Amino acid sequence: MKYIGKFDVTKDEIIRVMDSTGKIINKDLMPEISLEEVLEAYKIMNLSRRQDIFQNLVQRQGRLLSFLSSTGQEACEVAYSLNLIKGKDWFVSGYRNNAAWITCGVPIKNVMLYWAGNEYGAKSPDGVNVLPPNIVIGSQYSHATGIAFAEKYKGSDGIALTTTGDGGMSEGEVFEAMNFAKIHEVPVIFVCENNQWAISTPRGEQTKSLNFAIKGIAAGVPSLKVDGNDFLACYGVFKEIAQWVREGNGPFLVECETYRLGPHSSADNPDVYRDPKEFEDAKTRDPLVRLKAYLIKNKVWSDEQQEALDNEHDQYVKEQFDWMEQNKAYPLEDIFDYTFAEKNDQLEEQYLEAKRFYEKYPNSVKGGH
């Protein structure tokens, strides 16, 4: 074990492999991963970032509804997703997990479809065990615990991984899920992507705990804290923990210390509440900048290749968006048909009212049916 049992969260010890310039500072903590694998992971991180940039642009044009980006959090999301076995393990997300979704195999056009208001975008392809984005903060911890309980009951070696932000760690359901998971020793990895802000509430006003990893202690859940902007550290930690959990050792909690480089959502303006100096300082620890520097130092990447990759990803993201715009419509009935097994009188009345409205004002249809 390189990580489990080697770092003390009660002393706020953090696992870090590289510094902000991409220089390896803890060689003993380097994970077993090839340069080629690191490069492929970087490309996924870059794709998610380019997608975020594009979505912000079209959202401002009124062509996409409000969405929540992974900008600044790509390293930990790609790292933990790469350590899940496709078709066997489960990813139970929150709403800010774009990099994780595409790493796990959710097509970008599906993600965009969801943010355009079409819930069919939340349906994962066959063999991709990714649940729809979870909007009720913290409840995904319970969902993942239930799935892990089922996997253990079936006698499989499948595991579940779920994530929430620093704000979610203040939800009672988060502790309840960890408590239940530990009582039954189910194979689930709990992740806190501590991006320092719960909408406009800073970390310091969210909790007075030393860190978020320490919150597992009361439930008896072992935990670690890792630099969430350090892909190599995150990859190594999650690789070891995934194996540990898979072997029947029960749940584990990981705090990934990262930073939300974008707004809370595309409807938010962080300049109103966030100190510009804090933001500028956080940009120096951008996970993409760090990993790109590491790859260039190891002579497997260059600025010329980066420019070509950005162009390739921009074209691909646009193609995915173009498909989505042509396929985003859905029948008005879908809004009312799936609340109950059979539509009741009240829903029928609402449906007919909506139908009359859209027949009278057809131009009011935007991203919906």
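What you see is a predicted model, and the numbers here were worked out from it, not measured in a lab.
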Item to check | Worked check of side chain to side chain contact (heavy atoms under 4.5 Å, CB included) between T284 and V289 | outcome: CA-CA 8 Å; T284 66; V289 173; over 6 Å; no

Checklist entry - Do S142 and E173 pass the side-chain hydrogen bond (donor to acceptor under 3.5 Å, both in side chains) test, and can you show the C-alpha distance, the side-chain angles, and the key distance before you say yes or no? => result CA-CA 7 Å; S142 292; E173 192 162 358; 2.8 Å; yes

Item to check | Worked verdict on Y330 versus Y120 for ring-ring contact (aromatic ring centres under 6.0 Å, His included) | outcome: CA-CA 9 Å; Y330 52 86; Y120 284 110; 7.9 Å; no

Checklist entry - Would K355 and E359 count as a salt bridge (Lys or Arg N to Asp or Glu O under 4.0 Å) if you check the C-alpha gap in whole Å, the side-chain angles of each, and the deciding distance to 0.1 Å? => result CA-CA 6 Å; K355 187 172 182 290; E359 287 173 347; 2.7 Å; yes

Next on the checklist: Applying salt bridge (Lys or Arg N to Asp or Glu O under 4.0 Å) to K2 and E240, what does each step give before you reach the verdict?
Outcome noted: CA-CA 8 Å; K2 284 186 178 181; E240 186 171 285; over 6 Å; no

Item to check | Test log, rule side chain to side chain contact (heavy atoms under 4.5 Å, CB included), inputs I102 and Q51 | outcome: CA-CA 11 Å; I102 62 177; Q51 180 187 345; 4.1 Å; yes

Item to check | Steps toward salt bridge (Lys or Arg N to Asp or Glu O under 4.0 Å) verdict (K283, E280) | outcome: CA-CA 5 Å; K283 286 199 297 184; E280 290 301 318; 3.3 Å; yes

Item to check | side chain to side chain contact (heavy atoms under 4.5 Å, CB included) evaluation trace for L352 with E348 | outcome: CA-CA 6 Å; L352 292 174; E348 180 66 24; 3.8 Å; yes

Next on the checklist: Let's go through I15 and D227 carefully: what are the C-alpha distance in whole Å and the side-chain angles of both, what is the deciding distance for side chain to side chain contact (heavy atoms under 4.5 Å, CB included) to 0.1 Å, and is it a yes or a no?
Outcome noted: CA-CA 6 Å; I15 300 168; D227 182 343; over 6 Å; no

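When all heavy atoms of V237 and Y3 are compared, the pair lying nearest together is N-CE1, 3.8 Å. Here the closest non-hydrogen pair linking Y259 and A282 is CD2-CB, 3.3 Å. Between C234 and G228 the shortest heavy-atom distance is SG-CA, 3.6 Å. The shortest non-hydrogen separation linking Y235 to E32 is CE2-O, 4.0 Å. The two residues P270 and R260 have their closest heavy-atom pair at CB-NH2, 4.0 Å. The minimum heavy-atom distance linking C104 with V128 is given by the pair O-CG1, 3.5 Å.
Using a 4.5 Å cut-off between side-chain heavy atoms of Ile, Leu, Val, Met, Phe, Trp and Tyr, with links allowed through other members, V245 and F180 fall into different hydrophobic clusters. In terms of hydrophobic clustering, with Ile, Leu, Val, Met, Phe, Trp and Tyr side chains grouped at heavy-atom distances under 4.5 Å, F7 and L210 are assigned to different clusters. Hydrophobic clustering of Ile, Leu, Val, Met, Phe, Trp and Tyr side chains at less than 4.5 Å, counting indirect connections, keeps L261 apart from I44. Taken together through direct or relayed side-chain contacts under 4.5 Å among Ile, Leu, Val, Met, Phe, Trp and Tyr, I189 and V9 form parts of separate hydrophobic clusters. If you chain together hydrophobic residues whose side chains sit under 4.5 Å apart, I53 and M324 never meet in one group.
Without hydrogens or angle criteria, S34 side chain to E37 main chain gives a donor-acceptor distance under 3.5 Å. Q196 places a side-chain N or O within 3.5 Å of a backbone atom of T258 that can act as its donor or acceptor partner. Looking only at distances, no side-chain donor or acceptor of E74 sits under 3.5 Å from a matching main-chain atom of M45. The backbone N or O of V130 sits less than 3.5 Å from a side-chain atom of S124, completing a donor-acceptor pair. Using a distance-only test at 3.5 Å, with no hydrogens or angles considered, a donor-acceptor pair links the side chain of N229 to the main chain of R285. Judged by distance alone, with hydrogens and angles left aside, the side-chain atoms of N134 form no donor-acceptor pair with the main-chain N or O of Y95 at under 3.5 Å. Using modelled atom types, no side-chain atom of S70 and backbone atom of Q73 make a donor-acceptor pair closer than 3.5 Å. Between the side chain of Q140 and the backbone N or O of T163 there is at least one donor-acceptor pair closer than 3.5 Å. Within the 3.5 Å criterion, the main-chain N or O of D8 finds no donor-acceptor partner in the side chain of K225. The closest donor-acceptor contact from the side chain of D230 to the backbone of M18 lies under 3.5 Å.
With a 4.5 Å cut-off on side-chain heavy atoms, F212 and K215 count as touching. Counting heavy atoms from C-beta on, the side chains of H143 and S139 come closer than 4.5 Å. At least one side-chain heavy atom of L347 sits less than 4.5 Å from a side-chain heavy atom of F340. The shortest distance between side-chain heavy atoms of F54 and M112 falls below 4.5 Å. Taking the side chain as every heavy atom from C-beta outward, L332 and Y351 approach each other to under 4.5 Å. Residues F91 and E77 form no side-chain contact, since every pair of their non-hydrogen atoms from C-beta on lies 4.5 Å or further apart. Within the 4.5 Å cutoff, the side chain of D157 has heavy atoms near those of the K88 side chain. No side-chain heavy atom of F231 sits under 4.5 Å from any side-chain heavy atom of P287.
The CZ atom of R96 lies 9.5 Å from the OG1 atom of T71; values are rounded to the nearest 0.5 Å. One finds the CG atom of D337 at 11.0 Å from the CD atom of E342 (value rounded to the nearest 0.5 Å). The distance from atom CD of Q55 to atom CG of L68, rounded to the nearest 0.5 Å, is 10.5 Å. Once rounded to the nearest 0.5 Å, the distance linking CD1 of I159 with NZ of K152 reads 14.5 Å. Going from atom CD of E193 over to atom SG of C256 covers 6.5 Å, rounded to the nearest 0.5 Å. Here the CD-OG distance, from E255 to S209, works out to 10.0 Å after rounding to the nearest 0.5 Å.
Ring geometry, F67 versus W115: the interplanar angle falls from 30° to 60°, so the pair is classed tilted. Under the 30°/60° scheme for interplanar angles, the aromatic rings of F149 and Y153 are found to lie parallel.
Between F190 and F252, the distance from one ring center to the other does not fall under 6.0 angstrom. The aromatic ring centroids of Y273 and W197 lie less than 6.0 Å from each other. Side-chain rings of F357 and Y361 approach one another, their centers coming within less than 6.0 Å. In this structure, Y294 has its ring center at least 6.0 angstrom away from the ring center of Y42.
Comment: E40 engages K43 in a salt bridge, judged by a side-chain N to carboxylate O separation of less than 4.0 angstrom. A salt bridge links E151 with K154: the distance from a Lys NZ or Arg NE/NH1/NH2 to an Asp or Glu carboxylate oxygen falls below 4.0 Å.
Partner of K292 under the salt bridge (charged side-chain N to carboxylate O under 4.0 Å, His left out) criterion, chosen from D303, D286, D310: D303.
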Enumerate, atom names and distances included, each donor-acceptor pair closer than 3.5 Å involving a side-chain atom of residues 20-31, sequence neighbours excluded.
{"from": "T21", "atom 1": "OG1", "to": "D19", "atom 2": "OD1", "distance (Å)": "2.7"}
{"from": "T21", "atom 1": "OG1", "to": "D19", "atom 2": "OD2", "distance (Å)": "3.4"}
{"from": "N26", "atom 1": "ND2", "to": "R16", "atom 2": "O", "distance (Å)": "2.6"}

